[in-house]
Amino acid sequence: MKKTAVIIGAGPAGLTAAYEFLERTDIHPVVLEKNDFVGGISATHNYKNNRIDLGGHRFFTKSDRVMKWWLNFLPLQTAPSKDDILLSDENNKAHNTAMYDPEKNDNVMLQRRRISRIYYNKKFFDYPVSLSLNTVLGLGILRMILIVLSYFKALVFKRNEKSLEDFFVNRFGYKLYETFFKDYTEKLWGIKCADISAEWGAQRVKGISILAIVKDIFQKIFKIKKGKNIETSLIDSFYYPKFGPGHLWQTVADKIKEKGGDILFNIKITDVVCEGNLVKKICWENDNGEKKEIEPDYVLSSMPVKYLIKLMKNSVSDEVKNIADGLAYRDFRTVGVLVNKLKLKNKTKYKTVNGIVPDTWIYVQEKNVKMGRIQVFNNWSPYMVNDFENTVWLGLEYFCSQGDEIWDAKDKDFIDFAVGELVKMGVVDIEDVLDTCSYKVEKAYPAYFGSYDKFEKIREFVDGFDNLFLIGRNGMHKYNNMDHSVLTAMTAVDNIVSKANSKDNIWQVNTEKEYHEEKK
């Protein structure tokens, strides 16, 4: 009989593992997903043919293996896209229109221009922060002098990096950290940077500093090829599925089913039964209340490890239970807002349809609002917007925790609040708002506070089960990017195929010092 791998979670890590099993082994994958859709935080929801990406996911990676894997499902589109056609001059428009065929080019990746900026004091600043004339004029000469002096002080008096604040100050100086990093990061986590482990910085902003920014400026001035070691926040372009990241993961899910794999939805796992050093049984209920169980040969879990430990019940020591109970997360809420137009004008060198701002993300640094970021979906992909030529489709992002006022607010109240903040910031006029929607994401960001400093005890415990592999962001309680989550799944399957004794190589994904992706 075929061996069976139970995969908990149909996000990027879980779906990658299932597909890898089908492609490379005779092991049968059974994916158990609590939601009724695939993709996890990388899902794309369709609201009246306006698509919303819940996290904002750029398809960029330093791993050739991951990039080849992505493009295997959605190859890069070579014909012009909608905005290419609209931005062409009249001489080329007819030719481009003839080449463009939406019916034949749906399952593709687009190459997109990468622009993100900071919105601070109702002004735009480059992200990452640049040493440009715009920055100097926007902040003022006095503040720039203080920023420079603060940075040189940080170079001379290096802090011992115990906290995220120490990490930022060592790379930017206190004044620049206070101006552009402190408030946003504390919105994200809900606590002070001084109370967050420096390890978050080591995984998320490890390659960015004033020196890295200066190096990038010189490379651009002298047209020096950057190569694969470029930091992710400094990239100029990225790939993006035509209809959002969920487009890719739905394509992967369809291929898994075509190849005979199982993906079960609306599943509530009720028990993880262990004997000795093996997981012997997974028990669950479906949405009809039917109770089922399976005896797996392998278990790959991307569910929050906090809940996995609870489900392992009597197999877990009190010490490990207490550490798992103390693991913290941040949740996420977004509001989709469809508008006729923006009040913000495009004053950049970049050409855009109808003159909207060119940003994919706008980082909101305003102190008098709770909003974290704004996504402009027109710029992620023109196909995310039903009426791309005449409307602008925005995603307003908020970081929260279950039980707080943002999470508990009713949809209508929260939408009214979010739109009110958008108007307060001068982004839109209320009369231009056409439609709205709201979505929630639980456990979006595993946190580097709470009991995280004792996480090694959890790792030692779960690694002691020969057939249990933790993968993905929540499975490993690691703030991975999407490509890192994919790599953890690939590496876990590699280990099963090669019958490796150690799982260290899975945990080592996203620990290389030069890799970076800003918060997503």
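Quick caveat: nothing in here was measured; it's all calculated off a predicted structure. In what follows, residues are counted from 1 in the order of the sequence shown.
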When Y398 is tested against each of K187, K370, R373 for side-chain contact (heavy atoms from CB on, under 4.5 Å), which residue passes?
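When side-chain contact (heavy atoms from CB on, under 4.5 Å) is applied between Y398 and each of K187, K370, R373, only K370 qualifies.
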For [X], is the [atom1] atom crowded, meaning more than 12 foreign heavy atoms sit under 6.0 Å from it?
X: Q402; atom1: CD; value: yes
X: K192; atom1: NZ; value: no
X: K68; atom1: NZ; value: no

Salt bridge (Lys or Arg N to Asp or Glu O under 4.0 Å) partners of residues 173-182, not counting sequence neighbours, each pair once
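Every pair satisfying salt bridge (Lys or Arg N to Asp or Glu O under 4.0 Å) with a residue in residues 173-182: K175-E178, K182-E186.
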For [X] and [Y], which I'm curious about, is there any donor-acceptor pair between the side chains at under 3.5 Å?
X: E366; Y: N368; answer: no
X: S401; Y: R330; answer: yes
X: D166; Y: S163; answer: yes
X: N346; Y: T352; answer: yes
X: N107; Y: H247; answer: yes

What pair of heavy atoms forms the shortest contact from P241 to F59, and how long is it?
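Here P241 and F59 meet closest at CD-CE1, 3.3 Å.
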Over all atoms of both residues, closest heavy-atom pair of T44 and D53
CG2-N, 4.5 Å
Using ring pair (Phe, Tyr, Trp, His ring centres under 6.0 Å) as the criterion, list what pairs up with F37, not counting sequence neighbours.
H45
With sequence neighbours excluded, residues passing ring pair (Phe, Tyr, Trp, His ring centres under 6.0 Å) with Y239:
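Applying ring pair (Phe, Tyr, Trp, His ring centres under 6.0 Å) to Y239 gives none.
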Would you call D404-R333 a salt bridge at under 4.0 Å N-O?
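Between R333 and D404 there is no salt bridge, as every charged N stays at least 4.0 Å from the carboxylate O atoms.
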Taking the side chain as every heavy atom from C-beta outward, state whether I118 and Y184 have any pair of such atoms under 4.5 Å apart.
no
Determine whether M109 and L248 make a side-chain contact, defined as any pair of heavy atoms from C-beta on separated by less than 4.5 Å.
yes
Applying side-chain contact (heavy atoms from CB on, under 4.5 Å), run through Y127 and W361 and close with a yes or a no.
CA-CA 10 Å; Y127 182 91; W361 263 321; over 6 Å; no
Can you confirm whether or not the ring centre of Y120 sits under 6.0 Å from the ring centre of F180?
yes
So, Y19 versus F73, ring centres under 6.0 angstrom or not?
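Yes, the ring of Y19 comes within the 6.0 Å limit of the ring of F73, centre to centre.
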Within 45 degrees of the ring normal and closer than 6.0 Å to the centroid, is that where the cationic atom of R117 sits relative to F124?
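The answer is yes; both the distance and angle limits are met.
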